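Reading through the structure tokens given below for one structure.
Chain letters run A, B, ... following the sequence lines, proteins first, then strands; residues in each count from 1. Since this is a predicted model, take the numbers as computed values, not measurements.
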Number of protein chains: 2
Amino acid sequence: MTDWTAYFTELDQLPAPMRATLLRDSRRLKFPAGTRLFGPGQPAGYLLLLISGRIRVTQMSETGREVVLYRVGAGESCVLTSACMLAYDDLAAEGVAETALQAIGIPRATFDEMMALSAEFRGFVMRAWSRRVTDLLSLIDDIAFQRIDLRLAARLLAMVEGDTVRATHQQLATELGSAREVISRALSEFQRRGWIEQARGELRLIDRPALENLTQGAER
Amino acid sequence: MTDWTAYFTELDQLPAPMRATLLRDSRRLKFPAGTRLFGPGQPAGYLLLLISGRIRVTQMSETGREVVLYRVGAGESCVLTSACMLAYDDLAAEGVAETALQAIGIPRATFDEMMALSAEFRGFVMRAWSRRVTDLLSLIDDIAFQRIDLRLAARLLAMVEGDTVRATHQQLATELGSAREVISRALSEFQRRGWIEQARGELRLIDRPALENLTQGAER
């Protein structure tokens, strides 16, 4: 296999014999958009490192509702959920290929061998882990303390293509860890103010500066 | 040092030479209630394993608000935050001794050595890690989707001693990742219904069955 370690900061600093082990035992994987990569009842067999594409990691609540926890992009590893799943199997998180993916899969036995052999690899895993925990803490902070209208405006601006956001109210609720009714109410208010127009399954942003102003009123 | 590994499920299964290393290099630590164990600007020097007492791990938001993330009890390790802090230093979580503590401190170098030498120790760390991530996911779920009055009733029932809960509105808000005004409003409603009485810095539960009924109306 060609040397893909250059895609991943820190892994390219592994000593040569370690890198050889990793290259020998890992597999190059491809998945079409929409593939469910892991989740309840389907433990991750590999630690996934993403060459290209994007994974959406979602929590399924016991009541059937969803929150987007974070996304994994190219050059990142899906280390938190994968490693948790390697260790312990009732994590309620699900990973789905949001786009077509190219990834490296490190099998469980190789992961364990590398953890034993290489302080650099342990450092890579622990730092990736702590970054994802930071993502979760910042999500907790947002959900607990940020006003939903500010978060919604910011999310619309992040998702817009041209002047259109393709998403249902339920999808926006899942993105923001909120309830559909709450999102519908905030969108109606945005529409009343002439900031957006709504159609089935999509929104048009009409007054982007007004939405930007609103997000800048956020507390951070 | 006496063999404390028996306090910790899984660690007592370490092979004898590993256990000897761990016992040789770890320290027995004591802290009075209220000690700040780690936090921004004060990285954890040790991985802490708790023999007795309780640690409260809180997130400090950038806006100065707090959420209780989880508590670490006797027989548990403070592995998530400590290990994140060993790896990466800008985690916004703070650990405080909620009671007087007796703990084992595993120094960073010993932690790293044990991770290299022992698959059992790696398993211990990864499982502890994944349990804490599960705690965080369940907190996200609660904050995002559970009605605050149900969560507040459940928390009052968990905190009551005799018939009294000693906590300010702000402390209850921090416990639940909510705002003080939201808690005050819910408590006023509980009082109006004759379920509680309020005094400065404490509450008296008058109609416990009514609070229990409310929590059973929760969606899970």
Problem - Gap between atom CD1 of B:Ile140 and atom CD1 of A:Ile140 - 0.5 Å precision - result: 4.5 Å
Handout entry: Taking every non-hydrogen atom, the tightest pair across B:Val67 and A:Ala144
Key = CG2-CB, 4.4 Å
Handout entry: Heavy-atom contact with chain B under 4.5 Å, split by part of A:Leu136
Key = both
Problem - Residue selection (most heavy-atom pairs with chain A, distance under 4.5 Å) from B:Arg132, B:Glu66, B:Arg122 - result: B:Arg122
Exercise for the section: Grab the two heavy atoms, one from A:Gln59 and one from B:Ser138, that are nearest each other, plus how far apart they are. Expected result: OE1-N, 4.2 Å
Exercise for the section: Taking atom CZ of A:Arg71 as the centre, report whether more than 12 heavy atoms of other residues, nucleotides or ligands fall under 6.0 Å from it. Expected result: yes
Exercise for the section: To the nearest 0.5 angstrom, please state how far the CZ atom of B:Phe121 sits from the CE atom of A:Met115. Expected result: 10.5 Å
Practice task
Give, as side chain, backbone, both or neither, the part of B:Leu137 having an atom under 4.5 angstrom from any heavy atom of chain A.
Solution key: both
Problem - Other residues, nucleotides, ligands: >12 heavy atoms within 6.0 Å of A:Tyr7 OH - result: no
Exercise for the section: Kindly check if the number of other-residue, nucleotide or ligand heavy atoms within 6.0 Å of CZ (B:Arg193) is above 12? Expected result: yes
Exercise for the section: Name the member of A:Ser178, A:Ala116, A:Gly177, A:Ser118 that forms the most heavy-atom pairs with chain B at distances under 4.5 Å. Expected result: A:Ala116
Completion exercise
So, the part of A:Leu69 with a heavy atom under 4.5 Å from chain B: the answer is side chain
